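Position 1 is the first residue of the sequence; numbering continues from there. Because the structure is predicted, anything quoted here is derived from the model rather than measured. Indexing begins at 1, ligand by ligand and atom by atom, following the structure's order.
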Amino acid sequence: MTDGSEQLTVPKFARLKSSGRKIVMLTAYDYPSAAIVDRAGADGVLVGDSLGMVVQGKNTTLPVAIEQMIYHAEMVSRAVRRALVVVDLPFLTFQLGKARAIENAGRILKETAAQAVKLEGGKEQADLIAALSDAGIPVMAHLGLRPQSVRMLGGYRVERDRERLLADADAVQASGAFAVVLECIPAAVAGEITRRLTIPTIGIGAGGETDGQILVYHDLLGYSPDERIPKHARRYADLRSIITDAIRSYAGDVQAGRFPGPENTFS
Ligand code: KIV
């Protein structure tokens, strides 16, 4: 967690690996959630394309559009004072050629105050990561379970191919990525990658040996109509119950004539 009021830049974030303390990241999608995450001391805020599922209620992240990412990233980056703000490049915004990818990633830096983009992919995206970095666009890579490949994978599965993961990790670091998310991979492999790389590893479902952790805001807070949370997440609050109770109290007060009270009424 950050201890000062200065905003974390990409180089400062990357140097956290050698600081010996764990990096704390969380997703956020709007102004109030981002401000609360930032003031609570998170080091990084990801505007994840997970918003397609947890905010828009869709089954996958595939339909998310670049305009939607920019809409959410503008609010989040305006709210954040200290954390590094990273924004996902959604499906088909970076696979259609370098020029299109640079244009889309560049829009995120031009139209919001975010500092970096994240993209799913390993070796096969190495040239693109280098091109984005050359264009001055910092890239956080994302290995392991890649939700944008859900149709190829046939579901959301743990990625266990150690050789592939090591090769991908080496490739994204060599191509200029400043950090890498490791999603749903065996803890031992995540530990091996973390010791092998000089850039920070941020884990989600990747065990305790990564340089940092990231969770989805709605999973951590129990802010979902669905009671289930993924195995890799831990629920620290039950906002679903808190919000339900508050709304029922309000409805009861309205129906019983207790709301509005004199303090809510103008003469
Ligand atoms: O979209 C997202 O929220 C993510 C995190 C789960 C790492 O990619």
Checklist line | For atom 5 (C) of ligand 1, the option (of L46, L51, V181) bearing the nearest heavy atom | finding: L46
Margin query: Looking only at the side chains, is there a donor atom on one of Q173 and T198 sitting less than 3.5 Å from an acceptor on the other?
Written below: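 Yes.
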Checklist line | T27, portion touching ligand 1 at heavy-atom distance under 4.0 Å | finding: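 Looking at T27 and ligand 1, just side chain atoms fall under 4.0 Å.
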Check: What do we get for I202 next to ligand 1 when only non-hydrogen atoms under 4.0 Å count, side chain, backbone, both or neither?
Finding: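 Within the 4.0 Å criterion, I202 makes no contact with ligand 1.
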Check: When you measure from atom 6 (C) of ligand 1 to every protein heavy atom, which one gives the shortest distance, and what is it?
Finding: I204 CD1, 3.6 Å
Checklist line | Protein contact to atom 2 (C) of ligand 1 [nearest heavy atom, distance to 0.1 Å] | finding: S50 OG, 3.3 Å
Which ligand 1 atoms are under 4.0 Å away from a heavy-atom of [X]?
X	value
G48	1 (O), 2 (C), 3 (O)
D88	1 (O), 2 (C), 8 (O)
K118	4 (C), 8 (O)

Check: Do you know which two heavy atoms are closest between K123 and D168, and how far apart they sit?
Finding: N-OD1, 2.9 Å
Margin query: Tell me whether H142 reaches ligand 1 (any heavy atom closer than 4.0 angstrom to a ligand atom).
Written below: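 A heavy atom of H142 does come that close to ligand 1.
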Notebook entry, point to check: Got an N/O contact under 3.5 Å between Y29 and ligand 1?
Noted result: no
Note to self: Please check whether E183 reaches ligand 1 - meaning an N/O of the residue sits under 3.5 Å from an N/O of the ligand, judged on distance alone.
What the structure shows: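 Among all N and O atoms of E183, none is under 3.5 Å from an N or O of ligand 1.
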Sidechain N-carboxylate O distance under 4.0 Å for [X], [Y]:
X	Y	answer
R146	E183	no
R21	D43	yes
R107	E103	no
K17	D211	yes

Next item on the list: Kindly write out the residues that satisfy side-chain hydrogen bond (donor to acceptor under 3.5 Å, both in side chains) with D238, not counting sequence neighbours, or none if the list is empty.
Entry: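 S241.
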Notebook entry, point to check: Parallel, tilted or perpendicular: which fits the ring planes of F259 and Y250, with parallel below 30° and perpendicular above 60°?
Noted result: perpendicular
